[in-house]
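Written below as structure tokens is the structure these notes are about.
Quick note on labels: first sequence line is chain A, next is B, and so on, each numbered from 1.
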Amino acid sequence: MSGCAQEGCDDDASVDGPAGGTRDSAGPRQTIVAFPNGPLLVRGDFDIVDPDGNQLRRSRKTVALCRCGASTLKPYCDGSHKMINFRTEPEN
Amino acid sequence: MKQPQPRGPVSSLLLDILTGPEQSSSDVPAPAAALAGAVRDALAATSDFAFDEDLQLTLFCLFELHYSGIDGASGHWEWNPDLIAARRLLEHAYEAQLHSAVTLPELPAPTSAGVAAGLFELTGADGGPSMSKYVAKQATEEQIREFLIQKSIYTLKEADPHTWAIPRLTGRAKAAMVEIQADEYGGGAPDRMHSALFAQSMRGVGLDDGYGHYVDDVPAITLASSNLMSMFGLNRRLRGAIVGHLASYEMTSSLANRMYARGFRRLGYNDAVAAYFDEHVEADAVHEQIAGRDLAGGLVEAEPELLADVFFGAAAAVVVDTWMTAHILDAWNADASSLYSAAAVSA
């Protein structure tokens, strides 16, 4: 669906976002969301490549990257952080 | 969907009604007017609604009018007031049973972080016997086919009941629901739709992948599991519950599907058969995060009065699927079939 129904809308127009970074009209081009006790969710326009620049297998737009080290699908998350009780926040 | 075989007086009456003409303005009272009365009588007599073969099939058929329809039934029946009246009676009975069966945890603060953490805790608790461990380690060839038959009732329309919720959500919760559902529907590639991957698994083990093909072969509790999400999805007032239900499904999926994939490979099936399960390991590790924070958390932040409904929906999903798992594993542990009719497995 087009996000450009309004008169004068320009898909390439960039505006300053709240943090002063460059944003297009739909928000930041990429975001990495750090989920407590879980993976890093990467959303937007990006490539996942190996050290030689070759594209890695990717079967969805938004991906979850393992950060507990226990995934059997690295670099992607497979939910294993729950099995190992992975914690990103200091215990109170 | 093909017409199912009736399982008692109420489903028999409904199927007779559906194959007749839909006349709301005739002088002759339509047979449909008798349906609500028959439902009332049956509800007064049933001891366990979730396991009642006749009533669960009746409710399943009433919901099916909103999905694929039923062969031979006019499309006008979908919004026939007599049928809707009967459906409401069944839904209220089901909701009442669930409210007495479900124990809600202590509710968290109505924030996105609180809701996500609370849902992960609720769905991470030990739910009793594990279907995924059984399938991974010991299911026989025949049992793994039964497993797919049981699962096919919902999975051949995977994601559809939750999609009903989209117009009832706004903002962050709506965007999250659409992001998850777009992935469920293959991100634009029909052969990557989860329902299509599941159909491929069915064909791979020699089963018929036609929508509704095995409805006559599954017990009431399997229909009840599907009816649960249709009820939550089709009633706007239950939008909190359908969101909680989806979060619950996503949060209990990745690890279980890894086990299911292992079970199919143990029995010698190839990657095409296991693809559905492999896909869910990775997809639902993404979805569970979005579902907890942005979908359920976003909904509660926008409509804090829905907090308890979200947790009710999540807990009801766990309870009904625990009943279904217990039914299937009890049968298998007794060397029996878990199906309503054993004919399909040897077909």
Atom CD of B:Glu121: over 12 foreign heavy atoms under 6.0 Å: no
Check: A:Cys77 and B:Glu282 side chains under 4.5 Å, non-hydrogen atoms: no
Distance, nearest 0.5 Å, that separates CG of B:Leu255 from CG of A:Asp78: 7.0 Å
Shortest non-hydrogen separation from B:Ala285 to A:Ala64 and the atoms involved: O-CB, 4.1 Å
Part of B:Glu179 lying under 4.5 Å from any heavy atom of chain A: side chain
Chain B-proximal positions within residues 53-63 of chain A [heavy-atom distance under 4.5 Å]: A:Arg57, A:Ser59, A:Arg60, A:Thr62, A:Val63
Residues forming a side chain to side chain contact (heavy atoms under 4.5 Å, CB included) with A:Asn37, sequence neighbours excluded: A:Arg87, A:Thr88, A:Glu89
Contact check, side chains of B:Val286 and A:Arg43, non-hydrogen atoms, under 4.5 Å: no
B:Ala283 versus chain A, the contacting section by heavy-atom distance below 4.5 Å: both
Nearest-0.5 Å distance, CG of residue A:Leu41 to NE2 of residue B:His287: 9.5 Å
A:Ser71, part contacting chain B, at a heavy-atom distance under 4.5 Å: neither
A:Lys74 atom NZ, neighbour heavy-atom count above 12 within 6.0 Å: yes
Atom pair CE (A:Met83) and OG (B:Ser254), whose distance is rounded to the nearest 0.5 Å: 12.0 Å
Heavy-atom closest pair, residues A:Gly79 and B:Glu288: CA-OE2, 4.4 Å
Within 6.0 angstrom of A:Gln30 CD, more than 12 heavy atoms from elsewhere: yes
